[in-house]
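To start, the structure itself, in structure tokens.
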Amino acid sequence: MPADPSNLEIAAQFDELADLYELDGAVVHRVLAYRTAAKTMRDSTVSIAGLTRQGRVTSLPGIGKTLEEKLVQLLDGGAINASQKLRAKYPPGLLDMTRLPGLGPKRARRLFDELGIESLEMLRAAADGQKLRDVKGFGPKFEASVLPSLAAGVGDRPAQRVLLHRALDVGERIVAALRAHPASERVELAGSARRGVDAVKDLDIIATASDPGALVRALADLDEIEAASAPNDNAGRGRTHTGLPVDLRVVSPENFGNLLQHFTGSAAHNVALRETAVRRGLHVSEYGILDDETGETLCCATEEEVYERLGLPFVEPELRENRGELKPGFVPPRLVTLADIRGDLHMHTVASDGRNTIEEMALAARDRGYEYIAITDHSATHGFGDHVTPDDLERQIERIAEVNARLEGIQILAGTETNILPSGSPDYEDDLLARLDWVVGSIHTAFGTPREEMTKRMVTAIEHPWIDAIGHPTGRKIQRRQPYALDIDAVIEAAARTGTMLEINSAPDRRDLDDVHARAAAEAGVLVLIDSDAHGRARLEHMRWGVTTARRAWLTPEQVANTRPWPQFAALRKRAC
DNA sequence: GCCGTTTTCGGCCCGACTGTTTTCAGTCG
């Protein structure tokens, strides 16, 4: 019997079904119900297939009887009946067409019905032959705009997003430059970058200014901006040299809070926020809060005021994903910050594939204010010429002890990042591991292992007495590599049962565990660890991205192990328990 | 299709922009 589909695979099925229903002309709220449900499934930390089999899937918000039936069809028969019917009715090329700018499901459907256009290629031919203008609602302007879109490949693939650290690198420089402008009063980054998501598609900047027009024009002159336009005195739009769009909105000070809140999003948070407001007779937009009773619109100079006026506790930007932050009874958690971090327990030196020595890493860590670090070079079977044999590790332990004795103000722990072999065992003998202060176990090979086997492999490693923590537990690379097939519930359960810590790896293209899984782990009682996995001293600063993920996971300092001084931390390792 | 501190039925966020239109539907964020 084939393995159950993953949450990601199931969610994709329901997203497709939403698209198909939309093409079929279903009422928008029904389509929206499918999209919302797909997102719930994608974000779920427990197995949707498992919940469905247990008959508990309707306990998830937005999933009722009908969706449950379709889930059962998918699990039992491998497909949803409605999807099969609609796929036969609408060619796959129609869905590609709806991704073109200005061509949504309604208009694509009209072209299909009236001209039989069912692919991007047919659309191109019709635009070339000036056939589109014969259809009601279409004209020469649309025909003219379709050809460049098609030539640019729009519709063929979703737009690539930019990793957060790259987006913020340029975004924070733009904000700093605008703040330095004489006309500026207040400048803040908004949008998904402010929420700290994995990757962004544009940058949103909100400002107040004594001379809005001057500030908007200043955007175009920044070194970071390749091209810019200014539709009016209050809005500028530009593009960085790497093609990242930048939007600048200038607003009057009394409205700053409304606009910042609006443009920080997320869309899901804002929709839920407005729905909550409507129930209280209030209507929220970027211009203010309209009160049904008085007919007055209330402007908010700060974001705090927006939430306060709605009778809600303030929600930190990282939490604004409609994952419970607007539910009654929400108590804002005291989120972990970079300043809470006292040690970094995953880094590499020249002994394996790092660029710096033990001492160089230690001094850089001390400069960052850390109290302790662990040197965790790759292990015996890592390969690529950067493995550390058992003999090498013996010498490395001595070198670490020597530097540790010599350096003041930082404790250096002898550790390893040992490979988890396909069997689930580490690749050093236990007596050698026992001589180390700290052991991270990570998977670096056989990524294609089937889910059940991979889960067993990971759980075996978690149960090993000398493995203190699991590094980058799912192996994902943002936008480049899917996580390996893994039953994350089982991994979290095993970690909680054995007292094994799970890492949030801070490498900006990993951030693994992700926010959803890190939150599930902490809620299950797993101690989460945030590490840089630095391969050079400059990369110690990557800790920031792991902390951002931890904040998106609602984590408090207590839930993050390395916010403690070393003696308290050491006592939390399972070997000490 | 989902859901309930107005509701088990009748709602379900808000506004700007676009291209095509004499008042607006569809798309987008």
Side-chain angles (χ1 to χ4, degrees), chain A residues 14-15 17-41 57-71 80 82 97-111 132-146 149 154-155 159 190-192 200-204 206 231-232 234-235 237 245 247 249 251 255 258-259 261-290 292-293 297 306 310-311 322 326-329:
Chain A
F14 281 91
D15 266 331
L17 187 51
D19 288 344
L20 288 166
Y21 272 136
E22 196 169 30
L23 273 176
D24 204 41
V27 292
V28 291
H29 298 111
R30 186 160 157 226
V31 174
L32 209 64
Y34 278 89
R35 295 238 161 88
T36 311
K39 185 174 165 16
T40 301
M41 296 176 197
V57 76
T58 54
S59 66
L60 293 175
I63 298 181
K65 276 238 153 304
T66 307
L67 273 102
E68 182 181 37
E69 274 171 34
K70 290 184 161 64
L71 277 164
I80 303 167
M97 284 164 59
T98 64
R99 286 187 259 281
L100 284 173
L103 200 59
K106 290 265 182 4
R107 286 159 60 81
R109 174 72 192 281
R110 172 159 275 178
L111 293 180
L132 298 180
R133 63 185 64 179
D134 300 340
V135 180
K136 187 172 158 59
F138 292 82
K141 277 200 177 166
F142 178 76
E143 265 173 4
S145 74
V146 154
S149 297
V154 182
S192 58
V200 309
K201 66 179 186 345
D202 58 15
L203 292 170
D204 292 299
I206 309 297
N232 57 60
N234 296 309
R237 160 161 282 206
D247 279 320
R249 294 279 297 256
V251 65
N255 254 147
N258 299 109
L259 213 71
Q261 196 285 324
H262 175 82
F263 276 98
T264 296
S266 63
H269 175 86
N270 282 355
V271 167
L273 183 81
R274 291 183 202 133
E275 284 171 354
T276 304
V278 166
R279 276 179 239 126
R280 298 172 191 192
L282 302 168
H283 301 271
V284 180
S285 78
E286 64 254 59
Y287 303 107
I289 302 173
L290 171 67
D292 269 343
E293 243 171 68
T297 297
V306 175
L310 296 173
N322 194 27
L326 294 171
K327 289 250 174 73

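Since the model is a prediction, treat every value here as computed from it, not as a measurement. Computed from heavy atoms alone, side chains included, the values below leave out hydrogens, waters and symmetry copies. By convention in this document, chain letters (A, B, ...) are assigned in the order of the sequence lines, proteins followed by strands, and residues within each chain are numbered from 1.
- At distances below 3.5 Å, at least one donor-acceptor pair connects side-chain atoms of A:Glu143 with backbone N or O atoms of A:Arg133.
- A:Asn234 contributes no side-chain N or O that, together with a main-chain N or O of A:Val251, makes up a donor-acceptor pair within less than 3.5 Å.
- B:dG15 sits 28 Å from B:dT8 when the P atoms are compared, rounded to a whole Å.
- In this structure, A:His262 reaches neither bases nor backbone, as no heavy-atom distance under 4.0 Å exists between it and the strands shown.
- Among the heavy atoms of the strands, none lies under 4.0 Å from A:Pro245.
- Under the Watson-Crick or G-U wobble criterion, with both distances below 3.5 Å, B:dC2 is paired with B:dG11.
- When only modelled atom types and interatomic distance are considered, A:Glu286 and A:Asn255 share no side-chain donor-acceptor pair under 3.5 Å.
- Distance noted for atom C1' between B:dG29 and B:dC13: 13 Å (whole Å).
- Residue contacts shown for A:Ile289 are absent, as no nucleic acid heavy atom lies under 4.0 Å away.
- A:Arg107 forms a cation-pi arrangement with A:Phe142, by the criterion of a distance under 6.0 Å to the ring centre and an angle within 45° of the ring axis.
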- Message: If you apply the rule side-chain contact (heavy atoms from CB on, under 4.5 Å), what do you find for A:Val278 with A:Val284, and how did you get there?
- Response: CA-CA 8 Å; A:Val278 166; A:Val284 180; over 6 Å; no
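- One P atom belongs to B:dG11, the other to B:dT6, and the distance between them is 16 Å to the nearest Å.
- Here the range on DNA chain B touched by chain A, meaning any atom under 4.0 Å from one of its heavy atoms, is B:dG1 to B:dC28.
- Among the atoms of the strands shown, none is found under 4.0 Å from any heavy atom of A:Lys136.
- Among the atoms of the strands shown, none is found under 4.0 Å from any heavy atom of A:Phe263.
- Backbone-only contact: A:Val278 has heavy atoms under 4.0 Å from sugar-phosphate atoms and none from a base.
- Residue pairs meeting the salt bridge (Lys or Arg N to Asp or Glu O under 4.0 Å) criterion with at least one partner in residues 17-34 of chain A, sequence neighbours excluded, are A:Asp19-A:Arg35, A:Glu22-A:Arg35, A:Asp24-A:Lys89.
- Remark: the separation of the P atoms in B:dC17 and B:dC12 is 25 Å, to the nearest Å.
- At a threshold of 4.0 angstrom between heavy atoms, the contacts of A:Pro61 are confined to the sugar-phosphate backbone, with no base atom among them.
- Counting any heavy atom pair closer than 4.0 Å across all strands shown, A:Val31 reaches no nucleic acid atom.
- Here the side chain of A:Arg109 pairs a donor or acceptor atom with the backbone of A:Leu23 at under 3.5 angstrom.
- A gap of 14 Å separates the C1' atoms of B:dT27 and B:dT20, to the nearest Å.
- As judged by a 4.0 angstrom heavy-atom cut-off over every strand, A:Ile63 is placed among residues touching the sugar-phosphate backbone only.
- Nucleic acid contact class of A:Leu67 (heavy atoms, under 4.0 Å, all strands): sugar-phosphate only.
- Spacing of P atoms, B:dG26 relative to B:dT21, comes out at 13 Å, to the nearest Å.
- Comparing A:Gly102 and A:Tyr21 along DNA chain B, the residue whose closest nucleotide (by nearest heavy atom) sits nearer the 5' end is A:Tyr21.
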- Check the pair A:Tyr34, A:Lys70 against side-chain contact (heavy atoms from CB on, under 4.5 Å), reporting the backbone distance first and the verdict last. CA-CA 11 Å; A:Tyr34 278 89; A:Lys70 290 184 161 64; 3.3 Å; yes
